[in-house]
Amino acid sequence: MRIWKFGDNVDTDQIIPAEYLTTGDAKELAAHAFAKVIPEFSKEVQEGDVVVAGANFGCGSSREHAPRALLGAGIRCVIAKSFARIFFRNSINIGLPLIEADIFDRIEETDQIEIRFDDGVIRNLTKNEDYQFKPLPEFMQKLLESGGLINYIKETKMGIKN
Amino acid sequence: MSTIAEKILGEKAGKDNAANAGEIVDCAVDYIMVNDITGVPAFEVFEKLGREDEIRREKVVVVQDHYVPNKDVASAEQAKALRDYARRYRIEHYYDIGRGGVCHQVMIEDGFAAPGRLIIGADSHTCSYGALGAFSTGVGSTEAAAAMATGRLWFKVPETQKFVINGTLKQYVMGKDIILHVIGDIGVSGSLYKAQEFYGTAIESLSLSDRITISNMAIEAGAKAGIIPPDEKVFAFLNGRVRGEYNAVYADGNERDYEEVFEYDAAEIVPTVAKPFLPENTAPASELDVPIDQAYLGSCTNGRIEDLRVAAKLLKGKKVNHEVRMIVVPASEKVFQQAIEEGLIQTFLNAGAFVCGPTCGACLGGHMGVLAQGERCVSTTNRNFIGRMGHKDSEVYLANPAVVAASAITGRITDPAELTL
């Protein structure tokens, strides 16, 4: 796995530029992820990679195409100091795990990490360090465990007319 | 004692009292809006739920606006797919080109947005309807799909920040300058996860159009909603156009209900520009000396008749600088018609501007004015991110319609007061 580090205020136009929003398919979108700012991203990213970012990751548009592109690219978790609200909801709702943790300065792009969601620990194997994070609220964990909002609604039969 | 957000979310969750900040509530939504970019993924997800016969069609509004008229084969296919979904599910609130416009302008003009309502839209600028006293917020396609089937959505009740702007605004200072001034102060994550409420004599004196600009850009500070208590101006606007009944909701006016209170003196706010690449990078227009290649007047932020009037007044009898391309895009067909009737379009054409029908177009780098490498655009739109309007090495400067018109004349970013000295 590889870590992709980003600074503060990474907007959804950077994650997936508007000119590629003619599909909702995660794999097709992944081919253009960060196309303008990191042209090599889509070629080099691999299944299981992790994004580590600063504050307000995913600000801007409500396009769900942004977390879909990351999921389609193989990104398995985004760790940031904070997330823009709609990006946060979209990610949880489509089953892309997010961790809000201020560990930006502790992790290098070359580090190997392991994430234990159950006990809220990011383990830095390279530096032999552990970082605690606050697990998501229970309701959002349930959404993620279901694989997103749609599966959750199916499982709970939420809002069914009767 | 509660804020507007707590009251609306409490009522829509079926509670006897207001909801409390921090609580997660399951609310009935009044309308769900999707556009040509977010709509097809929403309907695809909706069909995965397997509850097609339960669609809450009376709540669904579909607007083709981002890549219209379609810019290429891929966007034409996407628009066609959305049209087909709208037909299949007999969506009555369907707006194609020639009959609608930019989605938020349509939602407001056609009486969907009203005080006390809870409206979600698969577009981040859905927060615009806060100017009419609604709690409205942007969501993703999956959430829109879930609400289409269930009529409901979960919300974490936000803390609210209060913004008070008292005093008299100077000439050429508009709603755009107020919101840029606020974002310049609190930053692009200054309202993250929070609701904003706006008060004060300067807000009361603003037209509804200028208030919509403020609520529209609440998201640029990360806010969930940007709400202005509705007054007679809002009720007069709604008269004859609003769909169904509505109930105006007001806060209890207790300062302790707010997480934070910010106060500004309207007289100190000047025509303001946000420089690349974030809306928080603000500076007075008068302090910038930046040559421009393009001037863009339009969008859900500033494409209303009031905006066009301000720009036309400055451009009347003048010419767009020969180094500058000016693009004018009314936010809806109704705005376009009105601008023709008032002679504004003739003024723009006489000045050498390009005018086209409503589209989101170049605001998001779609088409109708995309920028080349190294080009600069002064724009009435809402975002100046890297590559937002085109090439990654192009630049967008956000400003009000008067600054855009004045800059189009001089060829560099200009405080309009400079032209009338």
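The structure presented is a predicted model; accordingly, all values stated were derived computationally and were not measured. We name chains A, B, ... by the order of the sequence lines, and we start the count at 1 in each one.
Put simply, the side chain of Arg388(B) never gets that close to the backbone of Ala18(A): no donor and acceptor are under 3.5 Å apart.
The side-chain heavy atoms of Leu21(A) and His66(B), taken from C-beta on, include no pair separated by under 4.5 Å. Taking 4.5 Å as the limit, some side-chain heavy atom of Glu143(B) sits within range of a side-chain heavy atom of Leu149(A). Looking only at side-chain heavy atoms (C-beta outward), Phe277(B) and Asp11(A) stay at 4.5 Å or farther from each other.
Phe87(A) does not touch chain B: none of its heavy atoms, backbone or side chain, sits under 4.5 Å away. Residue contact with chain B, scored on non-hydrogen atoms closer than 4.5 Å, involves the side chain of Asn90(A) exclusively.
Comparing Glu64(A), Glu19(A), His65(A), Arg89(A) by how many heavy-atom pairs each has under 4.5 Å with chain B, the most go to Arg89(A). Per-residue heavy-atom pair counts under 4.5 Å with chain A were compared for Thr126(B), Val139(B), Leu278(B), Ile219(B), and the maximum is reached by Val139(B). Among Thr38(B), Leu49(B), Asp36(B), the residue making the largest number of heavy-atom pairs under 4.5 Å with chain A is Leu49(B). When each of Gly390(B), Ala79(B), Gly50(B) is scored by its heavy-atom pairs under 4.5 Å with chain A, the top score falls to Gly390(B). For the set Val40(B), Leu364(B), Ile24(B), Leu192(B), the entry with the most heavy-atom pairs within less than 4.5 Å of chain A is Leu192(B). The residue among Glu44(B), Lys48(B), Lys224(B) with the most heavy atom pairs within less than 4.5 Å of chain A is Lys224(B). Chain A forms more heavy-atom pairs under 4.5 Å with one residue of Gln78(B), Glu77(B), His125(B) than with any other, namely Gln78(B). Of all the listed residues (Gly60(A), Pro17(A), Gly24(A), Cys59(A)), the one sharing the greatest number of non-hydrogen pairs under 4.5 Å with chain B is Gly60(A).
Rounding to the nearest 0.5 Å gives a distance of 10.0 Å between CZ of Arg85(A) and OG of Ser124(B). The structure places NZ of Lys154(A) at 10.5 Å from CZ of Arg51(B), a figure rounded to the nearest 0.5 Å.
Other residues, nucleotides and ligands contribute at most 12 non-hydrogen atoms within 6.0 Å of the CD atom of Glu138(A). In Glu40(A), the CD atom is crowded: over 12 heavy atoms of neighbouring residues, nucleotides or ligands sit closer than 6.0 Å. Heavy atoms of other residues, nucleotides or ligands lying less than 6.0 angstrom from NZ of Lys127(A) number more than 12.
With 3.5 Å as the limit, one finds no donor-acceptor pair spanning the side chains of Ser141(B) and Arg68(A).
The list of salt bridge (Lys or Arg N to Asp or Glu O under 4.0 Å) pairs with a residue in residues 359-375 of chain B, not counting sequence neighbours, reads Arg325(B)-Glu375(B).
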